[in-house]
J.: 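One structure is given below, represented as structure tokens, and several questions about it will come after.
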There are 2 protein chains.
Amino acid sequence: MRTQYSTRPREQVSAILKREQRYLSAAEIHGLLRKSRQNVSLSTVYRTLDLLAGKGEASARVDAGGETTYVVCDQTHHHHAVCRKCGKVQDVSCEAIESVASALRTHHGFKLADHEMQFFGTCGACK
Amino acid sequence: MRTQYSTRPREQVSAILKREQRYLSAAEIHGLLRKSRQNVSLSTVYRTLDLLAGKGEASARVDAGGETTYVVCDQTHHHHAVCRKCGKVQDVSCEAIESVASALRTHHGFKLADHEMQFFGTCGACK
DNA sequence: CTTAATTTGCGAATCATTCGCAGAATCATT
DNA sequence: AATGATTCTGCGAATGATTCGCAAATTAAG
């Protein structure tokens, strides 16, 4: 895999993700594409999602039913606030984590290297 | 399902979890049980893990390979600090989250209802 | 427009997890 | 400690998401 081709199917998948701004599974994306008569195979949807996640342009999350879902997001380190009503995902920066890191070190003798976080609630628009 | 029977296989699965103190998949637990000549079927391991997770006595996490893994933990709300060396999991209380919640409200107009967190690093014993 | 490299689509293969059901274990009562 | 009602277990088959293999189609570049 020397270079990476920019192809129609890949752009179609990316476009859906950019448009929706919420966590979508491969199957859902495939369904949305079919609705608008853009025939991209399910395999290609999967491959494209892996690619995007690998480049850090999308982030993955396994939902309650065990399906892996993806959202577009920027590449800096951050976290997601997921609205329980509309599903929309907002990026959240994470300075606050610093205080958690020092508490971990103090109380648990634990040296923090990495962390995962996810927030659920109601977004401004849905209130 | 009126009452719940206390059975050998269930206790054997719980015992492994209590002993290991780290995230284990159903298959791993099944393997560990076989090694010590305790034959519990894989189905029963799965069923027992669901039960424990349902009662809040264990908590589940999908690992990088897509397998669901479980640890024992107490029932109060808390988070996990996972050691990257030995895999051991420590419970971490979460007062620090309060400050994150207010920041979310202020900066993003987001009303926090729930959250997930997971920490990775090196535990005191492994340093 | 040719060629070499990468992608696609299809169906088949994988892998974790769930189900169905007959037989075994458990519990509460005699 | 024997009985009966209920809940478990084990097995193999079924499911469902994801991955693979490979031939045909696209892409980038000369």
Side-chain angles (χ1 to χ4, degrees), chain A residues 1-17 20 22-72 87, chain B residues 1-18 20 22-55 57-72 87:
Chain A
M1 191 205 292
R2 175 124 301 124
T3 327
Q4 208 162 300
Y5 290 180
S6 137
T7 71
R8 191 109 170 270
R10 282 179 186 170
E11 275 155 27
Q12 291 171 315
V13 171
S14 297
I16 291 281
L17 276 176
E20 297 290 328
R22 58 194 174 92
Y23 279 101
L24 293 170
S25 68
E28 283 174 306
I29 294 170
H30 185 243
L32 288 173
L33 286 169
R34 300 197 93 206
K35 262 197 199 157
S36 47
R37 304 225 195 67
Q38 303 173 289
N39 286 32
V40 176
S41 77
L42 185 54
S43 306
T44 295
V45 173
Y46 272 110
R47 287 185 284 231
T48 303
L49 290 173
D50 282 352
L51 260 179
L52 293 174
K55 291 198 289 183
E57 291 177 20
S59 116
R61 177 181 143 69
V62 178
D63 72 14
E67 265 185 319
T68 304
T69 56
Y70 299 80
V71 244
V72 281
Chain B
M1 188 207 291
R2 176 124 299 125
T3 326
Q4 208 162 298
Y5 290 0
S6 138
T7 70
R8 195 117 172 257
R10 282 180 186 168
E11 274 156 28
Q12 291 171 316
V13 171
S14 296
I16 292 281
L17 277 175
K18 287 209 184 75
E20 297 291 328
R22 59 195 175 90
Y23 279 102
L24 293 170
S25 69
E28 284 174 305
I29 293 171
H30 185 243
L32 288 173
L33 286 170
R34 299 198 95 208
K35 262 195 199 159
S36 49
R37 305 224 194 68
Q38 302 174 290
N39 287 34
V40 176
S41 77
L42 186 54
S43 306
T44 296
V45 174
Y46 273 110
R47 287 185 284 228
T48 303
L49 290 172
D50 283 351
L51 259 179
L52 292 174
K55 291 198 288 181
E57 291 177 20
S59 118
R61 177 183 143 69
V62 179
D63 72 16
E67 265 185 319
T68 303
T69 55
Y70 299 81
V71 244
V72 281

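Numbers restart at 1 for each chain; the letters A, B, ... are given by sequence-line order, proteins then strands. Here the structure is a predicted model, which means the values were calculated and not measured.
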J.: Write down the protein N/O and nucleotide N/O pairs, taken from nucleotides 23-30 of chain C, whose separation is under 3.5 Å; answer none if there are no such pairs.
T.:
residue	atom	partner	partner atom	Å
C/dT26	O2	B/Y5	OH	3.2

J.: What contact category does B/T68 fall into here, base, sugar-phosphate, or nothing, at under 4.0 angstrom with non-hydrogen atoms?
T.: sugar-phosphate

J.: Side chains of A/E20 and A/E28: closer than 4.5 Å at any heavy-atom pair?
T.: no

J.: Which residues in residues 35-48 of chain A have a heavy atom closer than 4.0 Å to any atom of DNA chain C?
T.: A/N39, A/V40, A/S41, A/S43, A/T44, A/R47

J.: Report the distance from atom CG of A/L51 to atom P of D/dT18, rounded to the nearest whole Å.
T.: 16 Å

J.: Would you indicate whether the side-chain heavy atoms of A/R47 and A/S43 approach each other to under 4.5 Å?
T.: yes

J.: Mind listing the closest non-hydrogen atom pair of B/S41 and B/H30 along with its distance?
T.: C-CD2, 3.9 Å

J.: Please report, rounded to the nearest Å, how far the P atom of C/dT17 is from the CG atom of B/L24.
T.: 13 Å

J.: List the steps and the verdict of side-chain contact (heavy atoms from CB on, under 4.5 Å) for A/E57 and A/L17.
T.: CA-CA 10 Å; A/E57 291 177 20; A/L17 276 176; over 6 Å; no

J.: I would like to know whether A/V13 and A/Y46 meet side-chain contact (heavy atoms from CB on, under 4.5 Å); could you show each step before the answer?
T.: CA-CA 10 Å; A/V13 171; A/Y46 272 110; over 6 Å; no

J.: Fill in the dot-bracket string of DNA chain C, one character per base: . for unpaired, | for a pair to another strand, ( ) or [ ] for pairs within the strand, taking Watson-Crick or G-U pairs under 3.5 Å.
T.: ||||||||||||||||||||||||||||||

J.: Under 4.5 Å between any side-chain heavy atoms of B/I29 and B/L49, yes or no?
T.: yes

